[in-house]
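No hydrogens, no waters, no symmetry mates; every other heavy atom, side chains included, goes into these values. Note that ligands are numbered from 1 as they come in the structure, with each ligand's atoms numbered from 1 the same way.
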Amino acid sequence: MLYYKLAIIGNALSPLTYQSDDELERGDEVNILLKSSQKKAVILEKVEKPSFTCKSILEKNPFFYSSFQLTLVQFISSYYICSLGESLKLFTPFSNTNEQKLEQIQDLKPLNLSYEQTNIINDIKDKSQVLIFGDTGSGKTQIYMYKMQEVLKSGGNVIFLMPEISLTPQMQKRLYEYFGSLVAIWHSKISKKKKQEILQDLQSGKVKIIAGARSALFLPVQNLRLIIVDEEHDDSYKSSQNPRYNAKDTALMYGKITNAQVLLGSATPSLNSFLKIPHVRLKGTFFQSKKTFIYENSLPSISEKLLFYMQKSLQKNSQVIVFVPTRANFKYLTCKSCNENIKCPYCEVGMSLHVKINALKCHYCNFTMQIPRNCPVCKDEMLEANRIGTAQIAKELREIFADKNIQIFDRDEIKSQRVLKSVLKDFNDKKIDILVGTQMLSKGHDYHNVALSVILGLDSILYQGDFRAREKALSLAVQVAGRAGRAGEGEVFIQSQNGDFFYSYMQDYERFLKDELTFRQELYPPYKKLLRLQISHVKEQIASKITNELVSLIKTLPYNVELVGYGASNISKIASKFRYEILLRSSSSKALIQSAFTCKRAFVQADMDPLSFS
Ligand SMILES: [Zn+2]
Ligand SMILES: [Zn+2]
């Protein structure tokens with residue numbers, strides 16, 4: 001009889017020992033019984049006969065995890081504080097039945113590069129990790145495509161990560177047009193059947209480039225030579241569920257493990273990458289476009305000044321995009337007499353006002369209720385709507401520009417890929433004059449005829465009590481501004497009560513990064529590491545009790561960690577669960593990881609390198 005230590009996929013337990021008559025290898029997928037239910041597990045190692053009796057492995061499945069994958073599984077488990085089984089659940093194994101042959105792709109058309117792009121290609125040739133810091137519209141995609149075809153010609157494969165690729169049909173089209181069936185797109189919205197097909201083609205070698213959201217990193221890709229992380233500053237690379245991995249950092253680690261080159265790209269790189277990864281600079285725009293910036297010191301509103309610029313642009317038959325970071329008509333309904341927002345009964349957050357459905361809606365749990373006439377706290381009738389959103393801006397603009405076609409572009413309106421594609425098509429066909437949207441507007445779309453980008457409401461991001469608030473607000477502003485005047489002249493209208501801040505950095509993100517690094521020194525990432533422990537429970541007493549126990553425990557730990565703070569979270573309740581948190585800081589990630597494993601227990605989740613503090 002042979003004995004094996006194995007990890008159960010998706011399970012929080014530590015590895016268990018099972019027995020089998022068969023010779024099995026590290027990485028083999030097997031079926032086992034846990035209590036009386038059948039589970040999939042992965043062989044970690046062969047071990048000596050234990051002193052206890054073991055259950056038998058039921059059978060071996062025709063799948064295996066490569067040694068590269070297992071090394072990455074181990075990294076995620078230790079760095080992001082989860083079990084091996086929970087880490088394994090992210091991955092798709094290789095199939096035993098498919099043997100991929102090495103094949104070099106020779107019949108790709110030559111790609112034209114500008115002088116600047118050629119220089120970048122030469123500069124990044126020998127770097128294992130590199131950040132391409134390229135202005136919006138400077139032609140980063142062409143560099144990615146060039147690198148990809150180079151890898152394909154030498155017989156290698158590519159993983160190309162994009163945040164929310166489902167939102168960027170233009171990028172998908174560009175990849176298909178050049179690489180044809182050698183590229184496959186992978187994200188959560190494609191069907192199960194399609195996914196099976198892609199996995200088969202990937203392993204037979206028909207597909208050589210997998211382009212997708214963060215989960216594409218965990219697909220069975222052989223002979224991986226290149227990983228590209230586009231829009232590397234984007235927060236959606238970070239998973240908001242356990243394991244709370246960051247796909248960008250995980251990609252950098254995977255590159256080290258597999259010896260694949262890792263390219264990060266952004267017009268507004270994160271401070272972390274800017275400090276830690278060697279970068280090359282791609283300046284200016286490919287089409288030599290010019291931009292003018294207009295500032296107005298005001299709360300977000302459709303002001304006279306804004307109307308003047310919109311009219312001017314529309315008269316020239318150009319299109320306008322309007323960015324507002326808030327959905328719905330208004331974010332809050334506030335009582336003028338007691339100053340309370342009307343809150344969701346299940347979450348400690350304000351309900352948003354949706355005029356279209358004539359209701360208040362919670363953006364955290366989707367609870368919907370009638371718009372009340374009186375304040376639920378003091379019964380006063382003086383309710384006031386606050387913090388304007390996309391729906392209200394669109395409504396007001398429709399009253400002013402009655403003959404224009406105005407479309408909302410946010411998660412309330414764009415609910416499927418089909419709608420997304422048709423709205424983008426209508427916009428590019430000039431059937432829509434004004435597009436009013438949230439962050440969704442900034443995601444890598446090329447709007448060819450936009451002469452004016454309007455940016456409203458950034459102050460609400462700037463005022464978030466978060467050390468990354470300035471970075472988030474400025475990065476968004478630069479990304480939205482970059483959507484205007486792709487070809488030719490463009491105007492950017494920024495409404496803010498912090499105009500000085502935007503004025504000084506809008507055209508020089510590099511200077512912002514350098515100034516911000518000085519501001520972060522000693523206290524914040526990228527110089528220090530943070531760990532956030534989240535405690536949540538339906539009973540507030542229990543959540544608070546666990547928090548206090550952990551705080552006492554942390555104070556006795558011998559590791560070099562600093563207790564920054566603890567208590568109820570900013571949003572103290574979501575979907576009926578009370579939320580508490582503990583924030584730890586250290587210059588050593590090891591010390592934080594050790595502390596996290598010591599604090600691990602039921603109702604506690606660890607978030608290493610947290611990005612969200614709500
Ligand atoms: Zn009131
Ligand atoms: Zn709610």
Q. Would you call the rings of Phe467 and Phe613 parallel, tilted or perpendicular, where under 30° means parallel and over 60° means perpendicular?
A.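 Perpendicular.
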Q. Would you call the rings of Phe75 and Tyr79 parallel, tilted or perpendicular if under 30° counts as parallel and over 60° as perpendicular?
A.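 Rings of Phe75 and Tyr79: parallel, under 30°.
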Q. Please walk me through it: do Glu232 and Ser266 pass side-chain hydrogen bond (donor to acceptor under 3.5 Å, both in side chains)?
A. CA-CA 6 Å; Glu232 69 87 30; Ser266 177; 4.8 Å; no
Q | Axial cation check for Phe323 ring with Arg483, 6.0 Å and 45° limits | A |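 Ring-cation test returns no.
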Q | Gap separating the CG atom of Asp380 from the SG atom of Cys338, nearest 0.5 angstrom | A |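 Spacing of CG (Asp380) from SG (Cys338) equals 8.0 Å.
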Q) For the Zn ion (ligand 1), which protein N/O/S atoms are closer than 2.8 Å? A)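 Protein N/O/S atoms under 2.8 Å of the Zn ion (ligand 1): Cys335 SG, Cys338 SG, Cys375 SG, Cys378 SG.
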Below 6.0 angstrom between ring centroids: does that apply to [X] and [Y]?
| X | Y | answer |
| --- | --- | --- |
| Tyr295 | Tyr503 | yes |
| Phe501 | Tyr505 | yes |
| Phe578 | His537 | no |

Q. Counting no waters, what protein N/O/S atoms lie under 2.8 Å from the Zn ion (ligand 2)?
A.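 The answer, once waters are left aside, is Cys344 SG, Cys347 SG, Cys362 SG, Cys365 SG.
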(Q) Under a 3.5 Å distance rule, please check whether Ser77 uses its side chain to pair with a backbone N or O of Val73 as donor and acceptor. (A)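 No, because the side chain of Ser77 does not come within donor-acceptor range (under 3.5 Å) of the backbone of Val73.
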